[in-house]
A.B. asks: 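Could you have a look at this structure, given as structure tokens, before my questions?
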Amino acid sequence: MKDGVILSIDQGTTGTTVLLFDHAGAIRGRAHSEFTQYYPQAGWVEHDAEEIIAVTMKVIADALRAGAIVPDAIQAIGITNQRETAVLWERASGKPVARAIVWQDRRTADECADLKARGLGELIQRKTGLVIDPYFSATKVKWMLDHIPGLRARAERGEICFGTIDSWLVFRLTGGKRHITDYSNASRTLLYHIRELRWDEELLALLEIPAAMLPEVRPSSEIYGETDPQMFYGTRGIPVAGIAGDQQAALFGQACYQRGMAKNTYGTGSFVLMNTGTEAVTSHEQLLTTIAWGIGDEPVEYALEGAIFVTGAAVQWLRDGLKMIDHASETRELAHAVPENEGVYFVPALTGLGAPHWDPYARGLLIGLTRGTSRGHVARAVLESMAYQTRDVIEAMQRDSGITLKELRCDGGAAVNSVLMQFQSDILGVKVEVPSIVETTALGAAYLAGLAVGFWESRAEIAEQWALDVRYRPHFDAAKREQLFQRWHRAVELAKGWARDIESPLQQGDPQ
């Protein structure tokens, strides 16, 4: 067994987690810290990129201390990240020019509606594999260029860098030496030609984004550079060697290396990915065709993806917004106390609906309430909404790919909730498998970095480390399954389009 550890930075939407993995894939140290969420206007979500760096460095130190690991034991660093969040910073100083615009942000809904009205949907899907939606990075970048005085001219002169969070972290960790991203993150910008593997000049022109801002695109497993010693207590430069967007990293960490294997990660949102091998399957069901990863010189591999915007965030809303619970774990006990939903449904369109509906004007809906409705019914409705949305996506995925799902590998924070996992199996009618390590996003980034430096020799070696913790089997009969699912669809239809005539997501304002 090889000595040392791989340090994995999992930079999520609400916080940063650092895990240290040894050669057996076991966690040797971990730490986590949340950071500030900014909501300056309705539908806007922002992060302070400088705070993200500060939190990341603190959490690295905390994880090393928790595991009693010295920095010199780190063999490589892997990074996985919230993907579509857009950061713009000064190339010379490394300082952000504004707060980062988060993937959840809906301020560019009207801009996206205009692009659709111009008939650009087919062109953009053919090149990028994506649908036109505020979710992706490009319209966020355009918004900042349009609204921050003088920024566009500076960007055209090459003074401004754009990147998703992985680019921002690598730039700062390497002391400003590398402005890069990987295939998986590039494929989420609405600017990258996923089949020709290049930034697309036509799309850049349509969205008025200067090419000089863009990072170099590299494989997901490669030595990109070394850390600035000043960032790591004066230790030697450590190779930064793996990058993948959080959902692609989770697919890799779940060892879904064969065509047709699929996983769902339950985080702030949920994301179902199915490996389609070296074929980029065009979706006719409003799913996304995305790059899964590129390993060194190997051919790039692709996935179909269904992006669900709000799952774990709905539990946070119960906790922080409604003050209905003190801890997320309480939802299990509350839901377990009411084994049936008794007609209560929750559509968590708190930031619109993602795949396969793609309605930025949808809004949250809680329906079916009676005098007998309790906290337990609401908690169960919130948990069940995650499973219903997952089935929506998987059914579309099966139609697109022609592959019938036999099992679903699940991970993320909510995968420890047995009520949710059992209902997920029940409503899908297939096995749901939860691995012994549910932090598969961080594990996938570690595997990618470890492959690049020879810490692990092959994907076959990695696949042997995947270990099952719990397997759930469906209990519902077909009639019950379909009745519940049809009622869910009735609720979804009521939630759609609610804000179209009530508010305009495109509002003017100071991006700071």
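Bear in mind that the values here come from a model prediction, so they are computed numbers and not experimental data.
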A.B. asks: What distance separates Leu190 CG from Ile132 CD1, expressed to the nearest 0.5 Å?
C.D. replies: 7.0 Å
A.B. asks: Please lay out, stage by stage, how Thr370 and Glu342 fare under the test side chain to side chain contact (heavy atoms under 4.5 Å, CB included).
C.D. replies: CA-CA 10 Å; Thr370 69; Glu342 297 185 18; over 6 Å; no
A.B. asks: Any side-chain heavy atom of Ser137 sitting closer than 4.5 Å to one from Leu191?
C.D. replies: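 No, side chains not in contact.
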A.B. asks: Once rounded to the nearest 0.5 Å, what's the spacing between atom CD1 of Ile165 and atom CD of Gln82?
C.D. replies: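 Between atom CD1 of Ile165 and atom CD of Gln82 there are 4.5 Å.
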A.B. asks: If I take atom CG from residue Leu273 and atom SG from residue Cys256, how far apart are they, to the nearest 0.5 angstrom?
C.D. replies: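 Reported value, rounded in 0.5 Å steps: 9.0 Å.
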A.B. asks: Return a table of donor-acceptor pairs under 3.5 angstrom between the side chains of residues 345-356 and protein atoms on other chains or two or more places apart.
C.D. replies:
| from | atom 1 | to | atom 2 | distance (Å) |
| --- | --- | --- | --- | --- |
| Tyr345 | OH | Leu484 | O | 3.1 |

A.B. asks: On a heavy-atom basis, which atom in Thr373 and which in Gly368 lie closest, and how many Å separate them?
C.D. replies: OG1-O, 4.2 Å
A.B. asks: Do Arg65 and Asp62 touch side chain to side chain, with heavy atoms closer than 4.5 Å?
C.D. replies: yes
A.B. asks: Is the side chain of Arg481 donor-acceptor paired with the backbone N or O of Asp426 at a distance under 3.5 Å, no angle test?
C.D. replies: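 Yes, Arg481 side chain to Asp426 backbone: donor-acceptor pair under 3.5 Å.
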A.B. asks: Let me see the working for Ser374 and Val338 under side chain to side chain contact (heavy atoms under 4.5 Å, CB included), right down to the final yes or no.
C.D. replies: CA-CA 9 Å; Ser374 67; Val338 286; 4.1 Å; yes
A.B. asks: Within a strict 4.5 Å, meaning less than it, do heavy atoms of the Phe162 and Val87 side chains meet?
C.D. replies: no
A.B. asks: State, with a plain yes or no, whether a side-chain heavy atom of Glu439 is found less than 4.5 Å away from one of Asp10.
C.D. replies: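 No, every pair of side-chain atoms sits at 4.5 Å or beyond.
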A.B. asks: For Thr189, enumerate each residue passing the side-chain hydrogen bond (donor to acceptor under 3.5 Å, both in side chains) test, keeping only those at least two apart in sequence or located in another chain.
C.D. replies: none
A.B. asks: Write down the atom of Ser184, the atom of Ala244, and the distance for their closest heavy-atom approach.
C.D. replies: OG-CA, 3.4 Å
A.B. asks: Please list all pairs passing the salt bridge (Lys or Arg N to Asp or Glu O under 4.0 Å) test where one or both residues lie in residues 394-408, with sequence neighbours left out.
C.D. replies: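 Listed once each, the pairs are Glu285-Arg399, Arg391-Glu395, Glu407-Arg409.
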A.B. asks: If the condition is ring-ring contact (aromatic ring centres under 6.0 Å, His included), which residues does His489 pass it with, not counting sequence neighbours?
C.D. replies: Phe485
A.B. asks: Atom CG in Asp182, atom OG1 in Thr164: separation rounded to 0.5 Å?
C.D. replies: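 Those atoms lie 8.0 Å apart.
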A.B. asks: To the nearest 0.5 Å, how far apart are OH in Tyr266 and CE in Met386?
C.D. replies: 9.0 Å
A.B. asks: So, Gln254 side chain and Ala250 main chain: donor-acceptor pair closer than 3.5 Å or not?
C.D. replies: no
A.B. asks: Are the side chains of Leu448 and Ile243 in contact, using a 4.5 Å heavy-atom criterion?
C.D. replies: no
A.B. asks: Do Tyr183 and Gln248 meet the criterion of a side-chain donor-acceptor pair at a distance under 3.5 Å?
C.D. replies: no
A.B. asks: Strictly below 4.0 Å, N to O, side chains only: are Glu493 and Lys496 in salt-bridge contact?
C.D. replies: yes
A.B. asks: So, Phe309 versus Tyr135, ring centres under 6.0 angstrom or not?
C.D. replies: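 Yes, the ring centres sit under 6.0 Å apart.
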A.B. asks: Using modelled atom types and a 3.5 Å cut-off, is there a donor and acceptor pairing between side-chain atoms of Trp168 and backbone atoms of Ala49?
C.D. replies: yes
A.B. asks: By side-chain hydrogen bond (donor to acceptor under 3.5 Å, both in side chains), which residues pair with Thr17, not counting sequence neighbours?
C.D. replies: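 Per chain and number, Thr17 pairs via side-chain hydrogen bond (donor to acceptor under 3.5 Å, both in side chains) with His32.
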A.B. asks: Just to verify, what does Phe252 make a ring-ring contact (aromatic ring centres under 6.0 Å, His included) with, not counting sequence neighbours?
C.D. replies: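 Listed in chain order: Tyr257, Trp293.
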A.B. asks: Please report the interatomic distance CG(Leu383) to CG(Leu318), rounded to the nearest 0.5 Å.
C.D. replies: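 Between atom CG of Leu383 and atom CG of Leu318 there are 8.5 Å.
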A.B. asks: Gln37 and His47: side chain to side chain contact (heavy atoms under 4.5 Å, CB included), yes or no, with the steps?
C.D. replies: CA-CA 6 Å; Gln37 308 292 305; His47 290 159; 2.9 Å; yes
A.B. asks: Can a donor-acceptor pair be found, under 3.5 Å and without considering hydrogens, that links the side chain of Arg363 to the backbone of Pro360?
C.D. replies: yes
A.B. asks: Could you note down all residue pairs passing salt bridge (Lys or Arg N to Asp or Glu O under 4.0 Å) where residues 124-139 supplies at least one of them, sequence neighbours left out?
C.D. replies: Arg106-Asp133, Glu122-Arg126, Lys127-Asp200, Lys127-Glu202
A.B. asks: What is the minimum heavy-atom distance between Leu304 and Met397, and which atoms define it?
C.D. replies: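 Smallest interatomic distance, heavy atoms only, reads O-CE, 3.5 Å.
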A.B. asks: Who passes ring-ring contact (aromatic ring centres under 6.0 Å, His included) against His377, sequence neighbours left out?
C.D. replies: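 Counting only residues at least two positions away or on another chain, His377 forms no ring-ring contact (aromatic ring centres under 6.0 Å, His included).
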A.B. asks: Looking at residues at least two apart in the chain, or sitting in another chain, which of them share a side-chain hydrogen bond (donor to acceptor under 3.5 Å, both in side chains) with Thr390?
C.D. replies: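 Asn264, Gln424.
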A.B. asks: Of all heavy-atom pairs between Pro435 and Cys410, which one has the smallest distance, and what is that distance?
C.D. replies: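 Nearest pair, atom of Pro435 first, then Cys410: CD-O, 3.1 Å.
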A.B. asks: Does Glu111 reach the side chain of Trp143, with side-chain heavy atoms less than 4.5 Å apart?
C.D. replies: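 When only atoms from C-beta onward are counted, Trp143 and Glu111 do not touch, as no gap falls below 4.5 Å.
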A.B. asks: Is Ser8 close to Tyr447 at the side-chain level, that is, under 4.5 Å between some pair of heavy atoms?
C.D. replies: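 With C-beta onward as the side chain, the pair stays apart.
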A.B. asks: side-chain contact (heavy atoms from CB on, under 4.5 Å) with Tyr192: which of Leu203, Ile291, Thr128?
C.D. replies: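 Looking at Leu203, Ile291, Thr128, the match for Tyr192 under the side-chain contact (heavy atoms from CB on, under 4.5 Å) is Ile291.
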A.B. asks: Using the rule given for side chain to side chain contact (heavy atoms under 4.5 Å, CB included), can you reason through Thr139 versus Leu115, listing the C-alpha separation, both sets of side-chain angles and the distance that settles it, and then say yes or no?
C.D. replies: CA-CA 10 Å; Thr139 57; Leu115 292 171; 4.1 Å; yes
A.B. asks: Any chance you could lay out the salt bridge (charged side-chain N to carboxylate O under 4.0 Å, His left out) test for Glu384 and Arg487, step after step, and finish with the verdict?
C.D. replies: CA-CA 12 Å; Glu384 290 183 354; Arg487 288 177 178 171; over 6 Å; no
A.B. asks: If every non-hydrogen atom of Val45 is compared with every non-hydrogen atom of Asp105, which pair is closest and at what distance?
C.D. replies: N-OD2, 2.7 Å
A.B. asks: Should Trp488 and Asp392 be marked as a side-chain hydrogen bond (donor to acceptor under 3.5 Å, both in side chains) after you check the CA-CA gap, both sets of side-chain angles, and the distance that decides it?
C.D. replies: CA-CA 10 Å; Trp488 158 257; Asp392 278 341; 3.0 Å; yes
A.B. asks: Holding to side-chain hydrogen bond (donor to acceptor under 3.5 Å, both in side chains), I want the full list of residues that pass it with Lys263, two or more places apart in sequence or in another chain.
C.D. replies: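 For Lys263 the side-chain hydrogen bond (donor to acceptor under 3.5 Å, both in side chains) partners, ignoring immediate neighbours, are Gln247, Thr265.
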A.B. asks: Applying salt bridge (Lys or Arg N to Asp or Glu O under 4.0 Å), which residue pairs with at least one partner in residues 462-479 are found, sequence neighbours left out?
C.D. replies: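 Residue pairs passing salt bridge (Lys or Arg N to Asp or Glu O under 4.0 Å), neighbours aside: Glu433-Arg471.
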A.B. asks: Which residue pairs pass the side-chain hydrogen bond (donor to acceptor under 3.5 Å, both in side chains) test when at least one of the two sits in residues 309-330, sequence neighbours left out?
C.D. replies: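 For residues 309-330: Ser270-Thr311.
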A.B. asks: Restricting to non-hydrogen atoms, name the atom on Asp359 and the atom on Gly497 that form the minimum distance, rounded to 0.1 Å.
C.D. replies: OD2-N, 2.8 Å
A.B. asks: Do Ile403 and Arg259 have side chains that get closer than 4.5 Å, going by heavy atoms?
C.D. replies: yes
A.B. asks: Determine, step by step, whether Ser187 and Thr290 satisfy the side-chain hydrogen bond (donor to acceptor under 3.5 Å, both in side chains) criterion, reporting the C-alpha distance in whole Å, the side-chain angles of both residues, the deciding distance to 0.1 Å, and the verdict.
C.D. replies: CA-CA 6 Å; Ser187 74; Thr290 194; 3.0 Å; yes
A.B. asks: Answer yes or no: is there a donor N or O on one side and an acceptor on the other, between the side chain of Thr268 and the main chain of Ala313, under 3.5 Å?
C.D. replies: no
